[in-house]
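To start, the structure under review is shown below, and the notes come after it.
Letters A, B, ... mirror the listed sequences (proteins, then strands); counts begin at 1. All values derive from a computational prediction rather than experimental measurement.
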Amino acid sequence: MSKLRVVHYINQFFAGIGGEEKADTPAELRVGEVLGPGMALKANFGDNAEIVATIICGDSYFAENMDKAKEQIIGWVKEQNPDVFIAGPAFNAGRYGTACGAICEAVQNKLNIPVVTGMYIENPGADMYKNKVYVFPTKDSAAGMREAAPVLAKFALKLGNHEKIGSSKVEGFMEGKRINFFAEKRGSERAVEMLLKKIKGEKFETEYPMPEFDKVPPNPAIKDITKATIALCTSGGIVPKGNPDHIESSNALKYGEYDITGVMELTSDKYETAHGGYDPVYANERPDRVLPVDVMRDLEKEGKIGKLHNKFYTTVGNGTAVASAKKYAAEYAQKLKADGVDAVIMTST
Amino acid sequence: MKLELGYVQIKDIVFGNESKISNGVLTVDKAPIEALAKEDDRIKSVTIDIAKPGESVRITPVKDVIEPRCKVEGDCDIFPGTIGSVKMAGFGKTHVCKGMAVVTAGKIVGFQEGIIDMKGPGADYTPFSKLLNLVCVFEPVDGLKQHDYEEAVRFAGFKIAKYIGELSKDVKPDSTETFEVCDFKENMEKFKGLPRVGYVHMLQSQGLLHDTYVYGVDAKKILPTLMYPTEVFDGAIVSGNCVSACDKNPTYVHMNNPVVVDLFKHHGKEINFCAHIITNENVYLADKQRSSNFTAKLCEMLALDAVIITEEGFGNPDADLIMNCTKIEKKGIKTVLVTDEYAGRDGGSQSLADADPLGNACVTGGNANEVVVLPKLDKVIGTLDYVNKIAGGNENSMRPDGTIEIEIQAITGATSEVGFNKLTATY
């Protein structure tokens with residue numbers, strides 16, 4: 001069996017370039033070199049895998065040039081075509097932990113290459129990335145390398161060999177991702193057993209610990225609505241006929257931005273819904289029912305609002321992951337702000 | 001009051017000139033089934049096929065799965081109020097054609113129908129791959145709207161299941177099981193000292209093809225009410241919905257409601273299973289508040305100690321689930337919730353649209369967004385034309401080599417929220 005190819009990411013400190021004073025070191029690729037913690041990984045890989053390249057980047061450089069650094073690193077990783085990508089471990093170095101998480105996420109999502117990193121549980125990068133990539137807990141200083149290396153190396157081999165990955169409890173990475181498996185008993189039986197324990201006051205373990213939600217306080221009211229620019233946005237899936245961007249009918253992986261300059265109403269010959277969660281007949285007959293362009297144009301004409309923004313943003317809310325929805329809104333909220341929009345009417349279904 | 005279920009084990013299904021059940025083999029004459037379907041002039045044609053466990057067969061787009069049953073004793077009908085008389089059901093004797101189902105299929109909405117694979121990884125996810133399936137694919141007349149098409153197929157499915165069920169009327173069951181229920185006073189006396197346990201059964205009622213029917217009544221229009229737990233075994237609750245395939249309750253699941261069955265197993269021993277409360281999941285806030293208030297009130301009136309609450313669907317009904325949970329818990333009644341999750345393809349997102357720390361005992365049917373690759377199978381019953389569009393699919397789901405990359409959301413019954421399946425999730 002041939003050896004698995006591994007690319008390893010570390011910061012300037014672990015590459016031996018220097019400490020904080022060298023944190024602005026730009027990203028660089030060293031093909032064929034194994035550095036610092038890479039040596040410990042190499043020892044644990046034995047004949048099963050080899051580090052084909054090490055990528056080094058200063059922590060400040062990465063934080064301040066994130067898009068550029070990511071693009072550069074992604075390009076190098078792609079060239080090296082590894083079976084698995086390892087970052088860190090970052091221990092308790094905050095910017096390093098965040099960089100390890102960010103670069104792992106980018107490699108995983110852009111290149112579809114499995115990734116793993118490690119850091120101290122209180123490293124801010126842990127909370128930011130443990131639900132996106134596999135993050136193993138380590139000690140808070142480099143003294144923990146001896147313990148971390150075999151864990152990361154073993155898991156990297158598992159990823160590289162496309163073995164089935166178990167839950168955090170089984171594998172040891174931080175809790176963050178929900179992982180499916182088949183239980184021995186059906187759900188109703190598990191529910192009855194849990195109920196019996198709860199009744200008797202015995203210890204039971206919930207299968208889904210409920211999160212506590214963040215609440216968003218509403219903005220103050222618009223002072224003069226007759227001068228305000230108002231945008232329409234929807235999770236009801238209204239798109240130009242034919243759904244040109246192929247927004248998914250459930251768990252949308254994207255949102256759409258469409259120009260409605262001069263559009264006085266949404267008619268069935270030009271618009272439709274991509275949403276898979278409701279009977280589409282009434283929405284398709286008259287898409288205004290979900291995205292009320294017609295009413296907004298009336299209000300505009302009557303001078304009751306300043307104007308309707310010339311673009312609308314749309315996605316499908318049906319079964320769409322909250323993390324995706326949050327990401328889309330954060331992105332197009334900036335576009336709305338840049339375009340001078342004062343308020344948004346968000347319609348659902 | 002008693003209901004005896006007589007299980008007639010079906011070991012094979014074949015087509016023939018005369019419909020009958022003999023030595024466990026169901027012979028089906030297609031002609032009377034076609035005639036039943038065509039009683040409704042909205043149905044242009046029906047194609048009838050058989051899919052057996054382990055065969056390289058994919059059934060899609062699946063609308064409903066129904067278990068054939070037949071009354072042999074008791075002045076009531078199967079599917080009361082739907083195609084049977086509206087008399088109260090759930091007592092007497094009922095024969096069940098075990099090991100098989102009638103599967104209805106057709107491009108109803110083109111969005112929320114499901115996939116049943118009889119072989120391979122897809123078969124592991126759907127409980128219906130273990131059954132002998134008599135599959136009916138319905139073609140509508142031209143220009144028929146989705147909701148009319150849904151209704152026509154729904155009724156045709158029940159009629160066909162009833163027709164098959166009646167073939168078991170004079171067959172001696174292979175085994176029987178008796179479920180006994182009693183009135184409030186007798187129940188209090190007979191099971192004194194045992195914890196009083198109820199089942200809060202949330203029915204999908206968001207409307208626009210998201211409907212469930214109770215004795216023929218659209219569940220949107222009910223206030224939470226009480227049933228004898230045996231009533232579901234005669235088809236008192238039926239599915240009329242096109243919610244994502246993974247977590248809707250097909251009629252088969254209503255007829256075999258696993259929470260009812262498993263609570264009965266402990267009834268009279270560790271618990272007194274004394275109430276089956278049905279409620280709905282309407283979309284208006286006032287409806288959600290009213291229904292959850294009524295549900296909590298019924299739990300209180302019945303002096304319950306604990307309940308299991310099951311959800312159907314996801315997103316909007318998560319709010320009903322949490323309202324039911326918090327209001328019942330605040331009355332000092334313990335709850336266990338059964339739901340499923342939409343945690344994103346990577347499992348890293350928040351699983352439910354609503355949550356509360358009082359929901360501290362939760363059973364999950366798994367993450368519906370998990371992506372699986374289904375191999376190409378030799379035969380398709382129905383059509384693959386909608387695989388990219390159904391909930392759980394995307395524009396690249398159908399791959400050039402014939403395999404399908406899809407979320408398990410699209411697999412019928414994969415993440416059952418009444419706990420009919422074994423799938424679950426963990427961190």
Side-chain angles (χ1 to χ4, degrees), chain A residues 108-109 130-133 167-169 174-192 194-200 204 206-213 243 246 248-251 253 275-282 317-326 349, chain B residues 109 111-112 145-147 195 197 208-209 244 258-259 262-263 266 270-271 305-306 308 314-315 334 336 338 341-344 346-351 355-357 359-370 389-392 394-395 407 409 416 418-427:
Chain A
Q108 170 184 277
N109 295 357
K130 69 181 181 186
N131 64 345
K132 301 186 174 79
V133 299
S167 67
S168 61
K169 288 184 195 78
M174 292 182 198
E175 279 189 8
K177 287 162 165 287
R178 301 293 289 166
I179 292 172
N180 283 347
F181 68 100
F182 287 98
E184 274 174 33
K185 293 172 180 170
R186 67 181 185 178
S188 54
E189 209 177 330
R190 304 199 307 273
V192 172
M194 197 183 289
L195 191 78
L196 292 176
K197 285 185 183 165
K198 199 171 173 180
I199 290 171
K200 289 181 199 156
F204 61 88
T206 183
E207 294 179 1
Y208 175 62
M210 293 239 172
E212 292 197 41
F213 289 143
N243 191 9
H246 307 291
E248 290 76 7
S249 67
S250 179
N251 190 18
L253 302 177
H275 198 290
Y278 62 93
D279 181 349
V281 168
Y282 301 105
N318 182 36
T320 295
V322 173
S324 312
K326 217 167 159 177
T349 46
Chain B
V109 199
F111 279 142
Q112 294 204 327
K145 295 286 190 203
Q146 278 99 333
H147 49 265
V197 171
L208 297 176
L209 292 169
S244 286
V259 174
D262 288 341
L263 281 173
H266 297 267
E270 297 125 292
I271 56 166
D305 296 300
I308 291 176
F314 58 94
K334 296 183 168 81
V336 168
V338 188
E341 304 179 44
Y342 286 74
D346 65 358
S349 190
Q350 170 192 303
S351 296
D356 192 280
N360 64 359
C362 187
V363 165
T364 171
N367 176 18
N369 295 134
E370 184 194 6
K389 283 179 76 187
I390 56 176
N394 65 53
E395 78 220 60
E407 292 181 16
Q409 192 181 161
S416 168
V418 290
F420 194 64
N421 211 2
K422 289 182 177 174
L423 193 68
T424 182
T426 186
Y427 275 117

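The parts of Pro258(B) that come within reach of chain A are both its backbone and its side chain, each placing non-hydrogen atoms under 4.5 angstrom from that chain. If you measure heavy-atom distances from Glu184(A) to chain B, the contacts under 4.5 Å come from the backbone alone. Using a 4.5 Å cut-off between heavy atoms, Phe204(A) touches chain B through its side chain atoms alone. Both the backbone and the side chain of Leu423(B) come within less than 4.5 Å of a heavy atom of chain A. In this structure, the portions of Lys169(A) lying under 4.5 Å from any heavy atom of chain B include both its backbone and its side chain. For a residue to count as touching a neighbouring chain, one of its non-hydrogen atoms must lie under 4.5 Å from one of that chain's; by this rule Val259(B) touches chain A with backbone and side chain alike. Both the backbone and the side chain of Ile199(A) have a heavy atom closer than 4.5 Å to some heavy atom of chain B. Interface residue Asn360(B): backbone and side-chain heavy atoms are both found under 4.5 Å from chain A.
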**OP:** Please assess Leu263(B) against Val192(A) for the test side chain to side chain contact (heavy atoms under 4.5 Å, CB included), listing each intermediate value before the final yes or no.
**Re:** CA-CA 7 Å; Leu263(B) 281 173; Val192(A) 172; 3.9 Å; yes

**OP:** Show your working on side chain to side chain contact (heavy atoms under 4.5 Å, CB included) between Tyr427(B) and Lys177(A) and close with a plain yes or no.
**Re:** CA-CA 6 Å; Tyr427(B) 275 117; Lys177(A) 287 162 165 287; 5.8 Å; no

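In this structure, Asn318(A) contributes its side chain and Ser249(A) its backbone to a donor-acceptor pair below 3.5 Å. Between the side chain of Ser167(A) and the main chain of Ile179(A), no donor-acceptor pair closer than 3.5 Å is present. Checked by atom type and distance alone, the side chain of Glu341(B) never pairs as donor or acceptor with a backbone atom of Gly347(B) at under 3.5 Å. With Gln146(B) contributing its side chain and Asp279(A) its backbone, the two residues share no donor-acceptor pair below 3.5 Å.
Note on His266(B), Gln409(B), Lys422(B): by heavy-atom pairs under 4.5 Å with chain A, the leading option is Lys422(B). Listed options Gly315(B), Ser351(B), Ala368(B) were ranked by heavy-atom pairs under 4.5 angstrom with chain A; first place goes to Ser351(B). Across Gly344(B), Ser349(B), Cys362(B), the residue that shares the most heavy-atom pairs under 4.5 angstrom with chain A is Cys362(B). Options Lys198(A), Met194(A), His246(A), Glu175(A) differ in how many heavy-atom pairs under 4.5 Å they form with chain B, and the most are formed by Lys198(A).
For Asn369(B), the side chain to side chain donor-acceptor pair (under 3.5 Å) criterion is met by Glu407(B), not counting sequence neighbours. Take Glu370(B) and apply the salt bridge (charged side-chain N to carboxylate O under 4.0 Å, His left out) test, not counting sequence neighbours, and it matches no residue.
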